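Worksheet: one structure, shown below.
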Amino acid sequence: MIQTLFTSKSKRDEIKAKKAAELERLEARMAQKYLAVFGVEYEPPTGALSSYETWWSQQYQWLRGQGYLLRPRYAPEWVPSWEGSKRNSSDCEDRQILRFWKIMDATRLSDGLYVCLKVVKKSVFPYEADIGLYFMSDKLASDPKNHCVPSFEVLSVPDEDNKQIIVMPLLLNFVKLRFDTFGEVMECLRQLFEGFLFMHNHHVAHRDCTWMNIMMDTKDLYAEPYHPVKPHMKRDYSGYASHYTRTQRPSKYYIIDFGLSRRFDASEENPLEYPIIGGDKTVPEYQKYPNTPLDPFPTDVYNLGNLIREQFLNTKTGFEFLKSLIDDMVQDDPSKRPTMGQAVERFDSILQNLSTWKLRSRVTARDEGSFGYMYHGAAHWRRRIGFIVKRVSAIPRLPQ
């Protein structure tokens, strides 16, 4: 960004030309791979429903009868809003295409709540729905330490006995919005440690703790609802969606996706399971003992430690105070890793020893650059000064 702002016009044109050429080469490679895999040439999407979107469209009326309304794009009588006009289709709400075929958003008709619908094949993930419902039992659902995504209900798909639809709240991935302060990061991590310990204390191993499976409830963060496909836009696509910081509107974090999870009997002190490779391919036991039954709980410890290492220690500055704990959590030998309970105790001790100044300090990326440093730094201090002014103005004045 600095380069394009402060270099000459000819140099900027040269940079643009190089980027365009690189994009063209990338698209050509993608087209070649598509042809090799599918045997037909790739055609850019026109806005029509894809095959997997058609499946959702076929469920539209049934889901409405169950109390869930899909977006207009998936209505049986849908006509693209840009047809017959000069509007660019990409600027239209009903042009926004699903990113993952098994995930759909909807509105619950009873109260207007935005929800997420997830299709699960029972033959592939036989435990996912049951584990989600287990954490929604009366005893567990009200526990503030429970950070498992709520499962409102499980629907059986008509004429497709192998498919279930799990209804959950609509959430946003936890790294979609910038972390402003160290305090925001530490509160996020505190909740994650708390949530995984809660799962372990109830004898459930997650087995797929990656950044993609950590979400946040943002209904209080956004001034207006965001679009589920493009969160930077308003839900009706009338403009950009504005939001508060996590300090201004604290969020709750959730653990999702129990497809690989296992629940064990309380009497099993050292349960053994064959390794199942999840999203994190770096787990040492996947490489060393792929065919040996192992205790899956230390793998959760590794996964959480590696998530923190990749998302914060390796990409942000100033998190060295977590290095000793994370190094122990990602040891190659599972038996040498702390338990989740031990990791929580150490994390809590670290958190208690951080100063208020550190917690309120701004989080900076290692590759932020000079312009980004100035821009985000100015925005951070503008918010901080505004907060201080509000606090001071709220102090009652003494009578004259």
Side-chain angles (χ1 to χ4, degrees), residues 53 56-57 59-75 78 93-94 96-120 128-138 140-158 163-174 176-177 188 191 195 212-244 246 248-258:
E53 285 185 301
W56 281 106
S57 180
Q59 315 307 317
Y60 184 92
Q61 297 293 7
W62 168 68
L63 284 168
R64 185 168 187 166
Q66 298 297 311
Y68 301 101
L69 183 65
L70 302 186
R71 281 182 284 120
R73 177 178 176 82
Y74 304 104
W78 173 64
E93 187 284 322
D94 59 339
Q96 308 315 309
I97 301 174
L98 289 177
R99 294 179 179 176
F100 305 102
W101 78 267
K102 62 182 181 179
I103 302 293
M104 171 61 77
D105 62 278
T107 302
R108 189 164 66 184
L109 293 172
S110 62
D111 58 4
L113 180 71
Y114 298 123
V115 297
C116 170
L117 308 178
K118 180 180 182 181
V119 179
V120 174
E128 181 163 6
D130 289 342
I131 289 176
L133 291 175
Y134 168 67
F135 284 112
M136 282 295 289
S137 61
D138 291 341
L140 303 184
S142 60
D143 194 318
K145 295 181 179 179
N146 184 356
H147 291 270
C148 297
V149 61
S151 294
F152 296 141
E153 65 174 317
V154 178
L155 306 174
S156 297
V157 180
K163 287 183 180 177
Q164 298 174 308
I165 294 180
I166 303 175
V167 184
M168 302 169 284
L170 181 65
L171 304 173
L172 189 67
N173 187 268
F174 85 119
K176 276 290 185 180
L177 301 181
C188 170
Q191 292 190 36
M212 293 181 291
N213 289 334
I214 305 300
M215 309 293 279
M216 60 188 295
D217 183 356
T218 59
K219 64 177 180 292
D220 294 328
L221 267 177
Y222 279 82
E224 296 181 61
Y226 63 87
H227 195 278
V229 178
K230 301 287 181 63
H232 66 283
M233 298 296 292
K234 294 180 181 179
R235 189 176 179 87
D236 62 1
Y237 241 66
S238 62
Y240 291 108
S242 60
H243 60 82
Y244 298 92
R246 303 171 206 234
Q248 295 167 325
R249 300 283 180 90
S251 299
K252 181 165 183 176
Y253 296 88
Y254 287 98
I255 302 162
I256 68 166
D257 195 351
F258 306 124

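Because the structure is a prediction, the values reported are computed rather than measured.
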Derivation and outcome, side chain to side chain contact (heavy atoms under 4.5 Å, CB included), residues Lys102 and Val120:
CA-CA 7 Å; Lys102 62 182 181 179; Val120 174; over 6 Å; no
Go through Asp236 and Lys234 one step at a time and tell me if the salt bridge (charged side-chain N to carboxylate O under 4.0 Å, His left out) criterion holds.
CA-CA 5 Å; Asp236 62 1; Lys234 294 180 181 179; over 6 Å; no
The test is side chain to side chain contact (heavy atoms under 4.5 Å, CB included); show your working for Val229 and Arg99 and say whether it passes.
CA-CA 7 Å; Val229 178; Arg99 294 179 179 176; 4.2 Å; yes
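Contact detail for Ala241 and Pro231: the closest heavy-atom pair is CB-O, 3.8 Å. Scanning all heavy atoms of the two residues, the minimum distance from Tyr114 to Pro225 falls at CE1-CB, 3.7 Å. Across Asn173 and Ile214, no two heavy atoms sit closer than the pair ND2-O, 3.4 Å.
Two residues are said to be in side-chain contact when any heavy atoms from C-beta on lie closer than 4.5 Å; Leu69 and Arg108 fail this criterion. Looking at Tyr254 and Pro169, their side chains never come closer than 4.5 Å, going by heavy atoms from C-beta outward. Residues Tyr74 and Leu98 are in side-chain contact: their nearest non-hydrogen atoms beyond the backbone lie under 4.5 Å apart. Two residues are said to be in side-chain contact when any heavy atoms from C-beta on lie closer than 4.5 Å; Met233 and Tyr240 meet this criterion. At least one side-chain heavy atom of Pro158 sits less than 4.5 Å from a side-chain heavy atom of Trp62. Between Trp101 and Glu53, the closest side-chain pair of non-hydrogen atoms is not below 4.5 Å. In this structure, the side chains of Leu177 and Leu221 come closer than 4.5 Å at one or more pairs of heavy atoms. The closest side-chain heavy-atom distance from Leu171 to Cys116 is not below 4.5 Å.
Ring-plane geometry between Tyr253 and Phe174 is classed as perpendicular, the angle between the planes exceeding 60 degrees on a 0 to 90 degree scale with a lower cut at 30.
Between the side chains of Tyr68 and Gln59, not a single donor N or O lies within less than 3.5 Å of an accepting N or O.
For the pair Asn146 (side chain) and Gly195 (backbone), a donor-acceptor distance under 3.5 Å is absent. The backbone N or O of Ser251 lies less than 3.5 Å from no partner atom in the side chain of Arg246, so there is not a single donor-acceptor pair. The closest donor-acceptor contact from the side chain of Arg73 to the backbone of Asp94 lies under 3.5 Å. Judged by distance alone, the side chain of Asp105 and the main-chain N or O of Thr107 form no donor-acceptor pair under 3.5 Å.
Note that OG of Ser242 is 6.5 Å distant from CD of Glu224, once rounded to the nearest 0.5 Å. The distance from the CG atom of Leu63 to the CG atom of Leu70 is 5.5 Å, given to the nearest 0.5 Å. Put simply, CG on Leu117 and CD1 on Ile166 are 10.5 Å apart, with the number rounded to the nearest 0.5 Å. Taken to the nearest 0.5 Å, the CE atom of Met215 stands 6.0 Å off from the CG atom of Leu172. Residue Leu170 holds its CG atom at 8.5 Å from CG of Leu113, rounded to the nearest 0.5 Å. To the nearest 0.5 angstrom, Ser151 atom OG is 6.5 Å from Met168 atom CE.
Here Arg235 does not pair with Glu93 in a salt bridge; the nearest charged N to carboxylate O distance is not below 4.0 Å. Salt bridge present: Lys118 and Glu128 bring a charged side-chain N and a carboxylate O closer than 4.0 Å.
A cation-pi arrangement, defined by a distance under 6.0 Å to the six-membered ring centre and an angle within 45 degrees of its axis, is absent between Arg71 and Tyr60.
Within 6.0 Å of NZ on Lys145 lie no more than 12 heavy atoms contributed by other residues, nucleotides or ligands. The number of heavy atoms from other shown groups lying within 6.0 Å of OH (Tyr244) does not exceed 12.
Ring centroids of Tyr237 and His227 are separated by less than 6.0 Å, placing the two rings close together.
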